[in-house]
*Asks:* 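I have a structure I would like to understand better, so I am pasting it below and will then ask my questions one at a time.
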Amino acid sequence: MEKLRIALQKKGRLHDDSMALLKEAGIKFNTGSRTLVAQSSTFPIEVLFLRDDDIPQTIADGVADIGVVGENEVEEKDFKLTIAKRLGFSKCRLSLAIPKADEYKGLEYFEGKKIATSYPVILKKYFDKMNVNAEIHEIAGSVEIAPGIGLADGIFDIVSSGSTLVANRLKEVEVAMKSEALLVQAEGLSEGKKALIEELLFRINSVMAANS
Ligand code: PRP
Ligand code: ZN
Ligand code: MG
């Protein structure tokens, strides 16, 4: 019998919310999140624990069949994927933030400024749309410390509770996009795998209806 392979975030908010949803859907995994692959004893599914940034490509390459990933990563990476379900959790926004003490009157603030981000594609589209000429500086992580150490004038990053910004003396000044967790699937899956996804979606829909 066929088995589905699902890619989930290794650790972080998306990990916790995804595991909670699957558990409520009756899908349990028999290991902790320190192993990179885990089998379920209650559903024909195997999970790969990855960095969220790597999930879209893993599915597009056919290494995993489905996955849970933030809309922000899907938008940034632009692989051919099908959105099977908007999951409604891990909600956040992608925002521009600047030093708390700076005066902000509008987007012209960013003209000629250097902005650090892990989302250069989304930010470039946003600046182009808004007619802002700024320098985009791509960094993989710890984006929020960039202004404090003189690496950039501002940042473009995920904001959820806002506490990371506060801790780094930054303030959110523009929201470029809103994001939530998506269940995404590869294109061209076998009929057997599609049937398993149908069953998974049926269970997820039941959990979401019960929780709403
Ligand atoms: C994101 C973002 C900030 C933090 C903001 O990182 O990069 O570090 O969350 O959340 P807050 O507003 O609630 O403080 P996260 O660890 O979620 O994802 P990442 O590992 O992809 O950076
Ligand atoms: Zn990440
Ligand atoms: Mg982070």
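Because only heavy atoms are used, hydrogens play no part in the values below, and waters and symmetry mates are left out as well, while side chains stay in. First listed ligand is number 1; within each ligand, the first listed atom is number 1.
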*Asks:* Distance alone, cut at 3.5 Å: any donor-acceptor contact between the side chains of Tyr119 and Asp157?
*Replies:*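 Side-chain D/A pair, Tyr119 to Asp157: absent.
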
*Asks:* Look at the aromatic rings of His15 and Phe49 and report parallel, tilted or perpendicular, splitting at 30° and 60°.
*Replies:* tilted

*Asks:* Over all heavy atoms of both residues, which pair between Leu8 and Met19 is shortest? Give the atoms and the distance, please.
*Replies:*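 Nearest pair, atom of Leu8 first, then Met19: CD1-SD, 3.6 Å.
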
*Asks:* Just go through Ile155, Asp157, Asn168 and tell me whose heavy atom is the nearest to atom 2 (C) of ligand 1.
*Replies:* Asp157

*Asks:* Is there a nitrogen or oxygen of Ser160 sitting under 3.5 Å from a nitrogen or oxygen of ligand 1?
*Replies:*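 Min N/O separation from ligand 1 is below 3.5 Å for Ser160.
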
*Asks:* Has the side chain of Ser190 got a donor or acceptor atom that lies under 3.5 Å from a matching backbone atom of Lys193?
*Replies:* yes

*Asks:* Do the numbers put Lys113 on top of the ring of Tyr109, so that NZ or CZ is under 6.0 Å from the six-membered ring centre and no more than 45° off the axis?
*Replies:*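 Because its charged atom sits under 6.0 Å from the ring centre and within 45° of the axis, Lys113 does stack over Tyr109.
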
*Asks:* With respect to Glu73, determine whether any N or O atom, backbone or side chain, lies less than 3.5 Å from an N or O atom of ligand 1.
*Replies:* no

*Asks:* Under a heavy-atom criterion of less than 4.0 Å, does Ser163 contact ligand 1?
*Replies:*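 For ligand 1, residue contact (heavy atoms, under 4.0 Å) with Ser163 is present.
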
*Asks:* Is ligand 1 under 4.0 Å from a heavy atom in the side chain of Leu14, in the backbone, in both, or in neither?
*Replies:* neither

*Asks:* Just distances here: any N/O of Ile158 and N/O of ligand 1 closer than 3.5 Å?
*Replies:*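 No, Ile158 has no N/O under 3.5 Å of an N/O on ligand 1.
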
*Asks:* Which residue from Ile145, Leu94, Leu165, Thr164 reaches closest to atom 4 (C) of ligand 1 through any of its heavy atoms?
*Replies:*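 Ranked by closest heavy atom to atom 4 (C) of ligand 1, first place is Thr164.
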
*Asks:* Can you name the nearest heavy-atom pair linking Ile6 to Leu22, along with the distance?
*Replies:* CD1-CD1, 4.4 Å

*Asks:* Which option out of Gly162, Cys92, Ala167 puts a heavy atom nearest to atom 12 (O) of ligand 1?
*Replies:* Gly162

*Asks:* Is it the side chain, the backbone, both or neither of Arg13 that has a heavy atom closer than 4.0 Å to ligand 1?
*Replies:* side chain

*Asks:* Which of the numbered atoms in ligand 1 are below 4.0 angstrom from a heavy atom of Glu144?
*Replies:*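 In order of numbering, the contacting atoms are 8 (O).
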
*Asks:* Examine Ser161 against ligand 1 and note whether any of their N/O atoms are separated by less than 3.5 Å.
*Replies:* yes

*Asks:* Would you say the side chain of Leu94 lies within less than 4.5 Å of the side chain of Val175, judging by non-hydrogen atoms?
*Replies:*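 Val175 does not reach Leu94 side chain to side chain.
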
*Asks:* State the atoms of ligand 1, each with its element, that fall below the 4.0 Å cut-off from a heavy-atom position in Asp52.
*Replies:*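 Reading through ligand 1 atom by atom, the close ones are 21 (O).
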
*Asks:* Below 4.0 angstrom, N of the basic side chain to O of the carboxylate: do Glu172 and Arg93 qualify?
*Replies:* yes

